Amino acid sequence: MLNRSDLFVTYRLDPRSSAAMPAYHPQSIEPKWQKYWEDHQTFRTPDRSDRPKFYILDMFPYPSGAGLHVGHPEGYTATDILARYRRMKGFHVLHPMGWDAFGLPAEQYAIQTGAHPAETTQKNIDTFRRQIKSLGFSYDWEREIDTTDPRYFKWTQWIFLLLYDTWYDVEQKKGRPIAELPIPEEVRGRGDAAVAAFQDLHRLAYQTEAPVNWCPALGTVLANEEVIDGKSERGNHPVVRMPLKQWMLRITAYAERLLHDLEPLDWSEAIKEMQRNWIGRSEGAEIRFALAHPPATLSEAESAIRVFTTRPDTLFGATYMVLAPEHPLVSLITTSEQQAAVRAYQEASARKSDLERTDLIKKKTGVFTGAFAINPATKTKIPIWIADYVLASYGTGAIMAVPGQDQRDWEFAVVYNLPIVRTVQPPKDWTGEAYLGDGPAIESGFLNGLYVAEAKQQIIAWLEENGLGQRRVQYKLRDWLFSRQRYWGEPIPLLHEVDDQGRRTGRIVPLSVEELPLRLPDMKDYKPSGQPEPPLGKAVDWVHVERHGKRYQRETNTMPQWAGSCWYYLRFIDPRNDRMLCDPEKQRYWLPVDLYVGGAEHAVLHLLYARFWHKVLFDRGYVSTAEPFQKLVNQGMILGEMEFTAFRSKKGHWVSAERVDADSAADKDTEEPYERVKLSEEQVEKHSEGFVLKDEPGVRVDARAYKMSKARGNVINPDQVVGEYGADSMRLYEMFMGPLEATKPWSMRGVEGVFRFLNRVWRVMMSEESETPKLADAIQDVAPEPETERFVHLTIKRVTDDLDGMRFNTAISAMMELTNHLTKLPVRPRSAVQTLVLLLAPFAPHLAEELWERLGHQATLAYEPWPVFDPGKLKADQIEMAVQINGKVRARIMVPAEHDAEQLTQAALAHVNVQEHLKGKTIKKTIAVPNKLISFVVA
RNA sequence: GCCGAAGUGGCGGAAUGGCAGACGCGUCGGAUUCAAAAUCCGAUACCCGCAAGGGUGUGUGGGUUCAAGUCCCUCCUUCGGCACCA
C-alpha cells in the first residue's frame, strides 16, 4: 500500500546535492524574498492612486484546525499571479486576505475540551497565516480582517440593524427606511403598538415561526449544513423538524433583481444557471377556490383557498384540491368525522424529515378533510385533501389538483380513486399518464380549441374580470433563515422588552451604533441546553438588561456563518475605519471587485446572500454599484493521486471491477462484500477499455482519483510540498496541472516536473562551476539571433494572452519552451533571459526576484513594466506548410512566409510525393490559405 | 427525473473549422560517472513496413464541409448541482 510519506521518499531529489552546490535552492531563496517584501512593504496598497484600479479577491478561508488544504492555494495562486501581472501592467491592485472565523467546528471543539472558541480560532488563524505567507502571495497584510474581531463584527451587526430598519417598496423596487413606510389610516387608528406591529411585518429582518432541524439524540438544533440526508452529520442521528421562533431575512423581496442583475455579470453560465434555478422564477396565476360550506367562524377572505398554478389553462380539469398538512385552514375546515385521521396524518408528516417527505420512490399519501371547494370554472364541488406532496413553504401551500395534466396529481388520484379529466388533447399516439405537452383545450368551456399559451391568457383575463384570481409570479427562493441556536457567531443586537413577570411583550428595541459591537458573553459552558434554546440564554447576566426603568432580554440567537462573509469584500477597502463600515469615496474607487475566485461550493448561497446584502446597502446609499462581483471564476477541485484498486472475494479470488459497486465494494448482483486491494502502477496495465491485473488480464481494476480525505489517507499537506520543493514549485504545479476550473488529480511526479523546470531556469542564468552562486559566463550583452528574438517575442505574446485568458497551464508551457531553447544556446543574450525572468515573476516570484538581483538589479521586480512584444518580430522568413490531397496530408513544404495562394500552389505541386498522389488524377479544386495549408481535391 | 460541465496516448493535458497529441510526467535507448543520483541528448498514439511510405485513430452512431477533437443531430459514460417547487 502506497502512503504519503512513501511518495515523498520515492520522488524526493537528494537534498544534500542541492545544499552543497550553488544550485537552485528554494529553501534559502524563498524566506529571503518573503522577508524583503515584508521589510520593504512591497505590496502595501495605498488607498488611492492615479493608476487604473484592479480589485482581485479570493474567497477567504475558514481557518479549520486541519490547516491549509492544497485546494486553497490553487485559487490563491491564480489570483496572486494575476495581481502581480496587473501590477507590472501598471494597475493599482487591491489584493487582500482575511478569515471567515465564526463557525461550528471551533464551538464543537470548545464543547469537547473547554477551550474558548476564540483561542482555538486564533491558533488556527495563525497556522493558516503562516502557511499562506510561506507561499509568497502578494497580499497587503495591513488589510487582514477576521470576522470574529469585534472591530469587524461591529459592522456586521450594524448591517443587520440596517436590514431591520429597511422595508421593500414594491412600487419603487427598492429598500427604504422603515420610517418611510406608509402606515394605513386604519392601522394608525389602532395606536402605536399596531403601527409597530405593521412595521415589523414589513422589515427585511423579521421574526417568524419556522421549522428547524431538531436532533433529539444530540439535544440540539442543527444548522442545515450539519444535516446530511436527514441525519445529523455528527453521530448519524435522526433529525426532525420543529417550529421555533426565528429571525428571517426577506431575500425574496429582491428575487427579481437578483435574477435580472445576473445577466450582465461576467460569471460562468453554469453558475448563473445555478443561481437562476435556485431563485426559481415561474409565471402563472393565483386562483381562489371558495369553500362549499364555509364554517360560520371564518371571515369572507378566509373562506377561500388560494392556490398558485403555472397552468391556469387547466382549471376546468381541477377535480380536487390538496393542502399541505401544515396549512392553517386544515384545522378550520376538517369535518368532525375526519378529525382523527387528519390529525394523525399531520403528526406523522411533522415527524418526517425533508428527505423522507421528498423520497421520490414512495407512494403518494394523503387524507380527505371532509370539506369541499367550488371549482370556479366548472362550478362543481371538489373534495379537499391534505397530502405531504404539497409543500407548505412554496406558493400558497395549497394546490388545485389537475391529474390530467400533472403527473403527481395523477399518481395521487389513482391511489385514492379521484376523478381524472383531460383538458388538453394529447397526441394520438400518447400512451403516458398525465399529459404535460402542448395541445388544444378540451372539456374546458370557452377555452376549447385554444392551445396552452393562448388558453392561459384567456383564463387569466377571465379570472381577473370576475375577481377570482390574477396573474402572479412565484419564486422557489425562500426567505433566509438567519438565526442559529449557537454560541460562536455574531450576537444579534436587539433587545426584547419584558414585563414584570419576565414575559416578552413583543416590543423590540435595536441597539444604537454607539452600543456596538455587542460582544459575546464569556462562558464556560457552550453546550446546547438540551432544549431548542440557544446556549446564550445561559449567560444570565448578559441576557438581562435594564434601561430607563424598563427590563429587557437580549436576543440569544446568533447569526449564521454566512453573515460575516457577506460583506468582507467591502471591509477590505477600508479595514480600519471605526466610524463607518467603509468610506464612501474609497468604495467608489475600488468597487466592484474585478475578479473573484473561489470554490464552486459557494456558487449559490454565499454569492446570493452577498449580492442580497449588497443590494440593500446599495438601496440605502452605502455602496455605489448594483453588484459586488463583476467577474467570477470557480477553481476546480483537486483530487488525490490516482489509485488502482482491485477487489478480492473472501475465498481469495480476484473479482473484475465491473461486477463491483465502487462505493460499497459489494457485488452488484449478489451484494457479497469484497476486500479492496490497493495496487501499485507496476501491477496493472492498460487493456483496451480499462486497466487490468498484469498477472490476470481478465480482471478489471478500478482506476480513479478520489477526493482527498483524512479517512482515505490521500491528503497532500502543502507544508510538506513547500518544504521539499519550495513555494515556487508548489505554485507552478498547481497552475500547470490543467485548466483552473477543471477537477484534476494531484501528482507528486508532476510537482517534481515543474521543480526541474525551475532548476533549468536557474541553470540558464547561473553558473554551476563556481563554488558560490555566480552568473553564467554564457549570459552576455549581445543582440539575440533572429530565431531567439522571434522566440522571445512569441513567448511574451503567448504568456500575455494566456494570462489575460487565465490559461495558466499553457502560459507555463510557453515559458518551458523558451527555457529549453535558451538552454541550447552557447551564448545567451542578457535581454532574452531578462525577459524570461519578468514573464516568470508572477508565477515563481521568489526565483524571479533572486535571478533579477543576480542580473544586477537593485530593487524588486514587482513593479517592473511587463514585457511588450513587437508583432513585426513574430514572423519567420520561412514557414512549414502542409499539403493535403483529399483531406490527407501528403507533404510538408518550406515556403517563404509572404507567399500568396498562387505561389503556394506552385510550390506544393513541385513536391515529389504530391506529384505521386496526383498521377492520373484531375484536380477539381485547390484551396491555398497562406499561413494555414494547401489542399487539393482530386478525382 | 431535470439543469450544467466534461469524455483526446500509459498519466496530467495542448490544439481562432486548417499538419491531433504542444508542454510536463512516465517508459525505452544513449552520453556523463568507478558506480549511482542529478544532468544532458534522442525516441515514444496504434497497426503494416528494413526503409521510403501507407493504413487507422479525439466516448458511440449519423450529418454539414475541400477540411471536424472543434459545428449540427442521436445515444452512452463520468462528474457537479437541483429534485413532489404546482
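Bear in mind that the values here come from a model prediction, so they are computed numbers and not experimental data. Quick note on labels: first sequence line is chain A, next is B, and so on, each numbered from 1. The basis for the numbers below is simple: all heavy atoms, side chains too, and nothing from hydrogens, waters or symmetry mates.
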>> Under a 3.5 Å cut-off for both contacts, is B/C82 paired Watson-Crick or G-U wobble with anything, and if yes, with which nucleotide?
In response: B/G1
> Which one is paired to B/C23, where only Watson-Crick or G-U wobble pairs with both distances under 3.5 angstrom count?
Replying inline: B/G12
>> Let's test this: given Watson-Crick or G-U wobble pairing with both distances under 3.5 Å, identify the partner of B/U65.
In response: none
Please tabulate the protein-to-nucleotide N/O contacts below 3.5 Å involving nucleotides 24-26 of chain B, giving atom names and distances.
{"from": "B/G24", "atom 1": "OP1", "to": "A/Asn820", "atom 2": "ND2", "distance (Å)": "3.1"}
{"from": "B/C25", "atom 1": "OP1", "to": "A/Arg756", "atom 2": "NE", "distance (Å)": "3.2"}
{"from": "B/C25", "atom 1": "OP1", "to": "A/Arg756", "atom 2": "NH2", "distance (Å)": "3.0"}
{"from": "B/G26", "atom 1": "OP2", "to": "A/Arg756", "atom 2": "NH2", "distance (Å)": "3.0"}

> Which part of the nucleic acid, if any, lies within reach of A/Asn809 when heavy atoms closer than 4.0 Å are counted: base, sugar-phosphate only, or nothing?
Replying inline: sugar-phosphate
> RNA chain B: A/Ile271 or A/Asp802, which has the more 5' nearest nucleotide?
Replying inline: A/Ile271
>> On the nucleotide B/C23, are OP1 or OP2 found under 4.0 Å from the side-chain N or O atoms that A/Thr810 carries?
In response: no
> How far apart are the C-alpha atoms of A/Thr795 and A/Glu817, what are their side-chain angles, what is the distance that settles it, and do they pass the side-chain hydrogen bond (donor to acceptor under 3.5 Å, both in side chains) test?
Replying inline: CA-CA 8 Å; A/Thr795 307; A/Glu817 287 178 58; over 6 Å; no
> With both distances under 3.5 Å as the test, what is the Watson-Crick or G-U wobble partner of B/A31?
Replying inline: B/U39
>> Taking the P atom in each of B/C72 and B/G80, what is the distance between them to the nearest angstrom?
In response: 26 Å
> Salt bridge between A/Glu273 and A/Arg276, side-chain N to carboxylate O under 4.0 Å?
Replying inline: yes
>> Looking at A/Val414, is its backbone amide N or carbonyl O close enough to the side chain of A/Lys364 to form a donor-acceptor pair, meaning the two atoms are under 3.5 Å apart?
In response: no
> Mapping A/Tyr394 and A/Arg704 to their closest nucleotides on RNA chain B, which lands nearer the 5' end?
Replying inline: A/Arg704
>> For the C1' atoms, the ones on B/G62 and on B/C75, what distance do you get once it is rounded to whole angstrom?
In response: 11 Å
> Going 5' to 3' along nucleotides 56-69 of chain B, which nucleotides have protein heavy atoms under 4.0 Å from the base (write B), which only from the sugar-phosphate (write S), and which from neither (write -)?
Replying inline: S---------B---
> Is the number of heavy atoms from other residues, nucleotides or ligands within 6.0 Å of NZ (A/Lys272) greater than 12?
Replying inline: yes
>> Tell me the closest heavy-atom pair linking A/Lys476 and A/Tyr394, and the distance in Å.
In response: CA-CE1, 3.8 Å
>> Looking at every non-hydrogen atom in both residues, tell me the closest pair between A/Met400 and A/Arg311 and how far apart they are.
In response: CE-O, 3.7 Å
> So what does A/Lys744 hit on the nucleic acid, given a heavy-atom distance under 4.0 Å: a base, only sugar-phosphate, or nothing?
Replying inline: sugar-phosphate
> Does B/U56 have a Watson-Crick or wobble mate here (both distances under 3.5 Å), and if so which one?
Replying inline: B/A45
> Can you tell which of B/G4, B/C23, B/G12 lies closest to the side chain of A/Glu273?
Replying inline: B/G4
> If you look at every strand shown and take non-hydrogen atoms under 4.0 Å, does A/Thr926 touch a base, only sugar-phosphate, or nothing?
Replying inline: nothing
>> Between the side chains of A/Glu734 and A/Lys744, is the shortest nitrogen-to-carboxylate-oxygen separation below 4.0 Å, so that they form an ion pair?
In response: no
> With sequence neighbours left out, what residues match A/Asn820 under side chain to side chain contact (heavy atoms under 4.5 Å, CB included)?
Replying inline: A/Arg760
>> Checking A/Gln884 now: which residues fulfil side chain to side chain contact (heavy atoms under 4.5 Å, CB included) with it, not counting sequence neighbours?
In response: A/Val889, A/Leu933, A/Ser935
>> When the P atoms of B/U8 and B/U78 are compared, how many Å lie between them, rounded to an integer?
In response: 14 Å
> A/Met642 has a side chain; which of B/G13, B/A86, B/C11 sits nearest to it?
Replying inline: B/C11
Taking only nitrogen or oxygen atoms into account, show me every contact under 3.5 Å that the protein makes with nucleotides 42-53 of chain B, one pair per line with its distance.
none

>> What's the gap between B/U74 and B/C84 when it is taken at their C1' atoms, as a whole Å value?
In response: 31 Å
> Just checking A/Glu880: base, sugar-phosphate only, or nothing, at a heavy-atom cut-off of under 4.0 Å?
Replying inline: base
> With rounding to whole Å, what would you report as the distance between B/G54 and B/A20 at their P atoms?
Replying inline: 13 Å
> Given the P atoms of B/A22 and B/G9, what is the spacing between them in whole Å?
Replying inline: 13 Å
> What residues form a ring-ring contact (aromatic ring centres under 6.0 Å, His included) with A/Tyr416, not counting sequence neighbours?
Replying inline: A/Trp385, A/Phe412
> Is B/G7 in the syn or the anti form, by the rule that syn lies within 90° of 0?
Replying inline: anti
> Does the pair A/Asp801/A/Lys797 count as a salt bridge with the N-to-O cut at 4.0 Å?
Replying inline: yes
> Counting side-chain heavy atoms from C-beta on, which of B/A86, B/A22, B/A20 comes nearest to A/Glu817?
Replying inline: B/A22
> For atom P, what is the distance between B/A36 and B/U32, given to the nearest Å?
Replying inline: 12 Å
> Distance between the C1' atoms of B/G26 and B/G21, in whole angstroms?
Replying inline: 16 Å
>> Test salt bridge (Lys or Arg N to Asp or Glu O under 4.0 Å) on A/Glu256 and A/Arg281; report intermediate values, then the result.
In response: CA-CA 8 Å; A/Glu256 193 61 54; A/Arg281 182 183 198 274; 3.0 Å; yes
> Rounded to the nearest 0.5 Å, how far does CE of A/Met735 lie from CD1 of A/Ile812?
Replying inline: 7.5 Å
